[in-house]
Amino acid sequence: MRPLRELATTRRGFLRLAGAAASLSALGQLRAIPAAAADVPAGETFLSASEREILTQVVERLVASDAPDAPAVRETRTVDTIENVCRGLDAAVVRPVPWLLRLVEYGPILFDWTPSRFTKLPPESQDAALRSWMDSRLALRRQGFQALRNLAFLGYYTQPETWPGVGYAGPLLPPQGPTP
């Protein structure tokens, strides 16, 4: 991974940074799961195991999974759904997601001067770290937060287990095709 100052000092670095900003902005505007993301062959992975763990902990902090009637993120297919969404989108749009997750992981060290990674922080400190992304003066960090927030909401609240907690009775029409 190149240092950020190296990316910002060259024309190519500036273009990469602009491309990442555009991708994060596009993910921040994502509102529905594309049909292409429905099912992806097993064995294909978009995120590594460590990136999936970072994403899981981010989602746990962003959604109300600690409510009494809400299922835990780990008890649902939330991360699998997010990964399927990412695989179903244009590669240029989702290419920054693994880098964004790594930045969130090391963000407390880089941005908040906290000597710990995100996944090792207690929940209150994780909330503070995410709040610093949400309220950052850097537009790229705010866009990254919005992208993760939208992916978290899409992944979690599309799970049937979460529907009773938000008062959704389910689709009016049964799903078409074979049921798993």
Side-chain angles (χ1 to χ4, degrees), residues 1-7 13 16-17 19-28 30 33 37 39-66 70-134 136 138 140-159 161-162:
M1 183 167 117
R2 293 180 170 185
L4 285 178
R5 79 172 170 266
E6 183 182 327
L7 290 176
R16 283 188 186 144
L17 197 58
S23 294
L24 293 176
S25 180
L27 283 173
L30 191 61
I33 294 181
D39 286 314
V40 177
E44 291 183 26
T45 60
F46 173 71
L47 300 171
S48 69
S50 63
E51 292 162 350
R52 286 177 63 90
E53 179 59 28
I54 298 164
L55 180 60
T56 300
Q57 289 191 32
V58 166
V59 172
E60 286 172 344
R61 301 314 313 151
L62 292 176
V63 299
S65 65
D66 55 355
V73 172
R74 294 176 193 275
E75 295 173 0
T76 66
R77 295 193 65 237
T78 299
V79 174
D80 293 333
T81 301
I82 294 169
E83 197 164 359
N84 286 345
V85 167
C86 289
R87 279 193 238 131
L89 294 172
D90 183 18
V93 171
V94 296
R95 189 173 297 123
V97 172
W99 290 101
L100 174 61
L101 291 170
R102 291 186 190 282
L103 271 175
V104 167
E105 174 72 344
Y106 292 100
I109 298 167
L110 296 170
F111 302 115
D112 304 327
W113 299 97
T114 303
S116 183
R117 294 181 299 165
F118 180 83
T119 54
K120 304 298 181 192
L121 293 172
E124 305 81 33
S125 297
Q126 286 181 335
D127 290 344
L130 289 172
R131 199 171 302 108
S132 76
W133 277 79
M134 181 179 70
S136 177
L138 300 172
L140 194 59
R141 282 185 76 197
R142 290 192 312 271
Q143 289 172 339
F145 174 81
Q146 288 299 322
L148 288 175
R149 181 177 170 268
N150 285 345
L151 288 173
F153 286 1
L154 279 170
Y156 186 72
Y157 291 111
T158 56
Q159 303 306 307
E161 301 92 347
T162 65

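Keep in mind that the numbers below use all heavy atoms, side chains included, and drop hydrogens, waters and symmetry copies.
- A side-chain donor from one of S132 and R141 sits under 3.5 Å from a side-chain acceptor of the other.
- With hydrogens and angles disregarded, a donor-acceptor distance shorter than 3.5 Å links the side chain of E105 to the backbone of T119.
- With values rounded to the nearest 0.5 angstrom, R142 atom CZ is found 12.0 Å from W133 atom CH2.
- Shortest non-hydrogen contact noted between C86 and V94 is O-CG2, 3.4 Å.
- Here CD of Q126 is found 10.0 Å from CG of L62. Values are rounded to the nearest 0.5 Å.
- Considering only heavy atoms from C-beta on, V58 stays 4.5 Å or farther from L151 through its side chain.
- Nearest heavy-atom pair, E51 versus P98, reported as atom, atom and distance to 0.1 Å: OE2-CB, 3.4 Å.
- Closest of all the heavy-atom pairs between A129 and D112 is CA-OD2, 4.0 Å.
- With rounding to the nearest 0.5 angstrom, the OG atom of S125 is 14.5 Å from the NZ atom of K120.
- Salt bridge status for R87 with D80: absent, with no side-chain N to carboxylate O gap under 4.0 Å.
- Using a distance-only test at 3.5 Å, with no hydrogens or angles considered, no donor-acceptor pair links the side chain of E60 to the main chain of V73.
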List the steps and the verdict of side chain to side chain contact (heavy atoms under 4.5 Å, CB included) for R74 and Q57. CA-CA 9 Å; R74 294 176 193 275; Q57 289 191 32; 3.9 Å; yes

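- Remark: of the listed residues I82, L148, I54, I82 is the sole one forming a side chain to side chain contact (heavy atoms under 4.5 Å, CB included) with V59.
- In this model, no donor atom of one side chain and acceptor atom of the other lie less than 3.5 Å apart for Q159 and T78.
- Residues S50 and R102 are in side-chain contact: their nearest non-hydrogen atoms beyond the backbone lie under 4.5 Å apart.
- Between Y156 and A70, the shortest heavy-atom distance links the atoms OH-CB, 3.6 Å.
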Working note: T114 + S116, criterion side chain to side chain donor-acceptor pair (under 3.5 Å); need CA distance, chi angles, decisive distance, verdict. CA-CA 6 Å; T114 303; S116 183; over 6 Å; no

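- Summarising the geometry, atom CG belonging to L154 is positioned 9.5 Å from atom OG1 belonging to T81; distances are rounded to the nearest 0.5 Å.
- Considering every non-hydrogen atom in both S136 and L138, the closest pair reads OG-N, 3.0 Å.
- For the atom pair CG (L103) and CZ (F118), the distance works out to 13.0 Å, reported to the nearest 0.5 Å.
- Rounding to the nearest 0.5 Å gives a distance of 12.5 Å between CD of E75 and OG1 of T162.
- Two residues are said to be in side-chain contact when any heavy atoms from C-beta on lie closer than 4.5 Å; V104 and F145 fail this criterion.
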